[in-house]
Every structure is written in C-alpha cells, then in structure tokens.
Amino acid sequence: MSRTQLLDREVGLAMSALSAAESDDRIHLLNAWEEAEDLYSERERAALALTEAVTVLTGGTSRTKSGGGFVPDEVYDTAAKHFGEAELAHLIGLITVINGWNRLMVSRRVPPGGYQP
Amino acid sequence: MSTAEETVEYATEHAPRMQWAKHSPEVYKAMVRLDSAAKQGLDPTLYELVKIRASQINHCAFCLDMHTKDALAAGESVERIVQLSAWEESRHFYTEKELAAIELTEAVTVLTDGFVPDEVYDRAAQHFEEAELAQLIAAITVINAWNRFGVTTRMTPGHYRPGQYK
C-alpha cells in the first residue's frame, strides 16, 4: 500500500460516512464539538474529549494556560463512565494508532487527494 | 539507626488507572512487534536518546523511568541524559547525527503545534540515508505511542529494572 493510500484511507472513511450514514453537520462541526452540544451523544463527547487529551500530551506545564499535558482525571473519569474497562482500553488503543498514522504521514508530507473509499 | 532516608516523607505513590495490556493483549503484542520492527537498523544508543526525549516532551514518567535506566545500563552517561532536555544549549555533548535525530524527534512529537519543518526534516535527511530515516520516523512514532498508553493509563514509575521486558 502506498503512502498516499494510507493517509487517504482516513479521509475516505469520512467521505464514506458523508455519503452513507453520517450527516454533513456531524462531520463539519467535529472541529467545534464542544459548541455543538446537540449533534453528539454524551458517549461520543466523552470519546472526543479523551481523543483530544491523549493527542495533546505535550502542552506546557500545569501552571501554563494550555494545561499540563497529561490526561486530566475529569476527562478520563468521564470516559470511564461511558465505556467499560475493556472497551476503554481499546478506545485508548484506537486513539494511539491514529496518532501514530498522523506522525508517519505528516513527517513525510504525504499528499492528500488521491484516496478512493 | 537513623538515616536521612527514614526521615524524608515523599508524596504517596499513585496506582495505575487500568491494566491496559491485560484488557488489550493483542494491541500490546502488536506494539511489541512494532517496537522491534522500528528499531531495526538504528543505533541503540541513538534510539534510547530518542525515546528519552519523546518521553520528556510527552510527560510519560513510566517511560522515563524505563528508558533512562536502560540507557544507563547500556553505558550511556548521566551527563548526556541530564542535558537532553536542554540539548540546544549543550550541543557539544552529542554528535551532529544525534542532534539531527533529537530535533526530528521533537518536531514529530509536537505535531499539535504544527507540521515538521523542512529545515528539520532536511537536516535529518543529511545525516540519515532514506531507509534509516524511515526507521527513525517509525521509532519516533512508536515511542510516541508507548507514551500515550503510559500517560493515559497513568503507569506508575519507579519500579522498572533495566532490561525487564527484553
């Protein structure tokens, strides 16, 4: 599988979702999910918050505005309310895997646009 | 008998949030395979520096415990480990090739501040031929993944013994 194909698989998932079950709004507003309360379930919101916390490990210290890296107790605990422990372990695995693909693709600047679902 | 160690009270040690390897054994095994694939063709000394620097930036305490102990056991110097978080001011502790790798490690680790700059990538490409560079990028990605599991499940540092998982 080529480098381009790997990145485009992610875009393709979004495009498949667009053309099938997922609504335009839920994809377009994902970048502002905190402000779009009616579009995502509590469980989805817990997963999105965890995704952000696990992705942004590098920010500042606990005394800087961006927070202290780490994964805050409140974010983890909210996720643990909505996901059983085994499911949560797999969710953490998923978040870690897409973070891995992100690094492999961004490092080599793989061009988007050629992916077919 | 009274020693200083007996009178110092440290903060209470926290427990891990979950045993993720127990709940996701296939993911854990895949990570171990990925790790051994990524380090092939890389200098082990350089690989430990990469792992320590990424773990510093991602604040993975367990990973720091592990990789500093492994590095020391493999003969790395205390000075080079201590200076690593200020490597830009202590460049003479490291080779130009190591510096290029450390700089790339930072760029790939801090993606949320934006991209991997051309100058950083190009400098790495000057010191690593393409296959070795591909392995280095993979190695940086793998330690970033371990860091995410370590931080998210809050693995407890302090009990690692060098070579424990080898």
Side-chain angles (χ1 to χ4, degrees), chain A residues 2-3 6-7 31 46-47 49-81 83-112, chain B residues 14 16-28 30-31 34-35 38 53-61 63 104-118 120-121 124-125 130 133-134 136-154:
Chain A
S2 78
R3 301 181 308 183
L6 288 171
L7 172 67
N31 214 13
L50 186 66
T51 301
E52 295 194 359
V54 175
T55 300
V56 190
L57 288 187
T58 54
T61 73
S62 57
R63 298 185 186 281
T64 57
K65 193 181 171 192
S66 60
F70 308 108
V71 173
D73 281 338
E74 60 182 73
V75 172
Y76 186 88
D77 293 345
T78 303
K81 267 187 227 159
F83 295 86
E85 202 166 31
E87 199 178 15
L88 184 57
H90 278 89
L91 178 60
I92 294 166
L94 272 178
I95 298 168
T96 300
V97 168
I98 186 57
N99 263 276
W101 286 122
N102 290 165
R103 282 175 169 75
L104 292 173
M105 298 304 131
V106 172
S107 300
R108 293 172 298 166
R109 198 186 270 162
V110 180
Chain B
H14 64 71
R17 282 168 168 160
M18 71 152 76
Q19 304 291 339
W20 78 271
K22 190 187 82 181
H23 290 297
S24 298
E26 292 305 316
V27 178
Y28 176 74
M31 280 296 300
L34 186 60
D35 195 296
R53 187 64 192 123
S55 302
Q56 287 173 335
I57 300 172
N58 283 322
H59 308 109
C60 183
C63 310
L104 185 66
T105 300
E106 296 198 354
V108 175
T109 301
V110 191
L111 278 193
T112 50
D113 284 350
F115 311 110
V116 174
D118 280 339
V120 172
Y121 185 90
E130 201 161 25
L133 184 57
L136 177 60
I137 292 168
I140 297 169
T141 300
V142 171
I143 184 59
N144 263 275
W146 286 121
N147 290 165
R148 283 183 164 73
F149 286 116
V151 172
T152 307
T153 64
R154 198 186 267 161

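A note on names: the letters A, B, ... follow the listed sequences, proteins ahead of strands, and every chain is numbered from 1.
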Turns out that what part of S24(B) lies under 4.5 Å from chain A's heavy atoms comes down to both
Scan side-chain atoms only and decide if N58(B) and N144(B) contain a donor-acceptor pair under the 3.5 Å cut-off. yes
Residue selection (most heavy-atom pairs with chain B, distance under 4.5 Å) from S107(A), A86(A), A80(A): S107(A)
Out of V108(B), T112(B), V27(B), which one racks up the most heavy-atom pairs below 4.5 Å with chain A? V108(B)
Residue selection (most heavy-atom pairs with chain A, distance under 4.5 Å) from L111(B), L133(B), I140(B): L111(B)
I need the minimum non-hydrogen distance between M31(B) and A145(B), along with the two atoms involved. CE-CB, 3.6 Å
Taking D73(A) first and then R154(B), would you say they form a salt bridge - that is, a charged N and a carboxylate O separated by under 4.0 Å? yes
Please lay out, stage by stage, how F149(B) and T96(A) fare under the test side chain to side chain contact (heavy atoms under 4.5 Å, CB included). CA-CA 7 Å; F149(B) 286 116; T96(A) 300; 3.5 Å; yes
Could you walk me through whether N147(B) and T109(B) pass the side chain to side chain contact (heavy atoms under 4.5 Å, CB included) test, one step at a time? CA-CA 10 Å; N147(B) 290 165; T109(B) 301; 5.7 Å; no
With chain A as the partner, which of Q19(B), R148(B), M18(B), K22(B) has the greatest number of non-hydrogen pairs under 4.5 Å? R148(B)
